[in-house]
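Chain identifiers are assigned alphabetically (A, B, ...) following the order of the sequence lines, protein sequences preceding nucleic acid strands; residue numbering begins at 1 within each chain.
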Amino acid sequence: MSNCVLKLEHLHKSFGGVEAVKDFSCTVDEGQIVAIIGPNGAGKTTIFNLISKIYQPDRGTLALGGVDITRKSQIETARMGVSRTFQNTRLFAGLNVLDNVKVALDFDGKYSLLEAMFLLPRRWKREKETTRRAMECLELLNLAQYAQTRPSNLPYGIQRRVEIARALVSNPKVLMLDEPAAGLNPEEVFQLVDFIREIHGKYPQLAILVIEHRMDLVMNLSDYIYVQDFGETIARGLPADIQNDPLVLKAYLGEEE
Amino acid sequence: MSNYQLSLIMLACISVITVCGVFSMTSLAGMFSLGQAAYMSISAYLTFCLAKYLALPIWLTSVIGIFASGFVALIISLPTLKLRRDYFALLSVAFGQMVSSIVILLGDYTNASIGFSKIPKVEGLVYIILGITVLIVFMVRNLKYSRFGRMCIALKTDEIAARSFGIDVYRLKVKIYVIASMIAAVGGICYGLRNRVISPDAFDWSLSAEMQILLFFGGTNSLTGSVISAAGLKVLPEFLKGVKLFGFDLQSFRTVIYCLLIIVVINFRTKGIMGESELNFAALKRIAKRRSSACSKGGKKK
Ligand SMILES: Nc1ncnc2c1ncn2[C@@H]1O[C@H](COP(=O)(O)OP(=O)(O)OP(=O)(O)O)[C@@H](O)[C@H]1O
Ligand SMILES: [Mg+2]
């Protein structure tokens, strides 16, 4: 029925002796929220880094909307519609919130260096268009009031949301959120879950991949869950099945207690 | 105005032009180079040698000089900008020394270390240089407030994050480096026209270092700060001429004063005098408002 947006097959990545990802396969459909969970060092972030091409896989293939992107660079992959946030927020400290969001549109700004330096008409037109799109995105995510603020002056919870806005503004096909709840207080975590649901509602085509450390959070958010441990997928399935999987409980919950 | 004053104005302008070039490279894109004076050298020698030996008009050879510098910058940056930032800075020193040696090797044409002085006199030079300075400041300001400026600031903070938003870090750096070098080239020609003599020593690494110092002094990310410090610090030593303090002639202590000032600023304001803030009408209004509200408060207390 639904279209497969992202298809990963038999991905492998090792760092020296550490096999961070072993034989990882997964598919994400349009409008689906897929979660990757697992304890520390399970290789979750490495999977994101492989998808966004910060690392090239040792083996395996990746396809985006049916196009093979295994050998594409980080820049090409980003331009094709793979967007992400980082485990430790990586907003650009030298830019205010609005500019942080605008910069995600700037690679495709459609005016030249000369037009920029001489303030030619096309520069004004395109710049206005970029500002409009960025403001629209900020308004959609209720962040408009922070537009002129530097990220470092905002609470952590808001910074995380700005990072999501920056990832969303270019209308990506895939949005990857790396532990969006890390470092938030319980109140903020609650708001974040609502926030992700809202995004899901407003961008019905968007495929969302979430890494999460805590199981409770993803259980009622995601459509499908992959459980990683030491680089391997130890379980996959619907939230209800995962919750009762003895392997998961042993590997995962055992570690927490 | 006396010739001396005009000459000071030109000195300040040339300093502003060269620091603007370094601003776009270092403050925007985070590339630290100690070889920018080499581009001044390349364009100045090309411009004035071509004008003399081929008897071409100076405006034409200037254009050739500027574009030739841009081309050299492109050739130099393609391999070196792939390297880590610290290696890039080291290589820039080597590049600067290389250009100086080439100038000396071509002594038959350039008159080597004695200096090349066959530079035509240009009427109304001060207006031309003032005009060029205004234009360059305007262009660099626009660069900062454009998509290129934003992408530069992004890649300066975090290259991996910048790439994950589709920003072609390498290409953008090359572009900015070429622009910065062409701005330096303009500064070099102006320098030649003002001084009427150019020598390899005039464009050695210490001049490149001076540009960086002026930039950091004014504010690492503030264009207005850099412009003010470029002009101010450059002409400051001239005002110390003949001034005596405790029987010492301050002029002869100018290097000491210079360095003390810089040490004080770097220690107490690590981001330079203006840091990241720009001086513009909005900022002036804000300051004025604060002043007046403070005054009215003070008045009420009384
Ligand atoms: N660039 C790298 N170089 C060497 N080893 C790495 C690198 N990146 C990750 N690793 C190793 O790969 C393994 C998986 O790391 P990864 O960051 O993917 O885990 P994670 O599941 O995201 O953990 P966490 O919950 O702590 O974020 C770890 O053992 C880590 O040390
Ligand atoms: Mg991680």
Considering only heavy atoms, which portion of [X] lies under 4.5 Å from any heavy atom of chain A: side chain, backbone, both, or neither?
X: B:Leu135; result: side chain
X: B:Asn221; result: neither
X: B:Ser146; result: both

Heavy-atom side-chain proximity of [X] to [Y] below 4.5 angstrom:
X: B:Thr157; Y: A:Leu95; result: no
X: A:Phe118; Y: B:Asn142; result: no
X: B:Ile167; Y: A:Val103; result: yes
X: B:Phe138; Y: A:Leu119; result: yes
X: B:Ile160; Y: A:Ile54; result: yes

Flag yes if more than 12 heavy atoms outside [X] fall under 6.0 Å of its [atom1] atom; otherwise flag no.
X: B:Arg85; atom1: CZ; result: yes
X: B:Tyr127; atom1: OH; result: no
X: B:Tyr87; atom1: OH; result: no
X: B:Phe32; atom1: CZ; result: yes

Checklist entry - Closest approach of A:Ala104 and B:Phe165, non-hydrogen atoms and distance? => result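 Scanning both residues, the minimum pair turns out to be CB-CD2, 3.7 Å.
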Checklist entry - How close do B:Val169 and A:Ile75 get, heavy atom to heavy atom, and via which atoms? => result N-CD1, 4.4 Å
Item to check | Flag, side chain of A:Arg79 to backbone of B:Gly166, donor-acceptor distance under 3.5 Å | outcome: yes
Checklist entry - Is it the backbone or the side chain of A:Ser112 that comes under 4.5 Å from a heavy atom of chain B, or both, or neither? => result backbone
Next on the checklist: I'd like to know if A:Glu115 pairs up with B:Arg147 as an ion pair, taking the criterion as any Lys NZ or Arg NE/NH1/NH2 lying under 4.0 Å from an Asp or Glu carboxylate oxygen.
Outcome noted: no
Side-chain donor-acceptor distances from residues 63-70 of chain A under 3.5 Å, at least two apart:
residue, atom, partner, partner atom, Å
A:Asp68, OD1, A:Thr70, OG1, 2.7
A:Thr70, OG1, A:Leu62, N, 3.1
A:Thr70, OG1, A:Leu62, O, 3.4

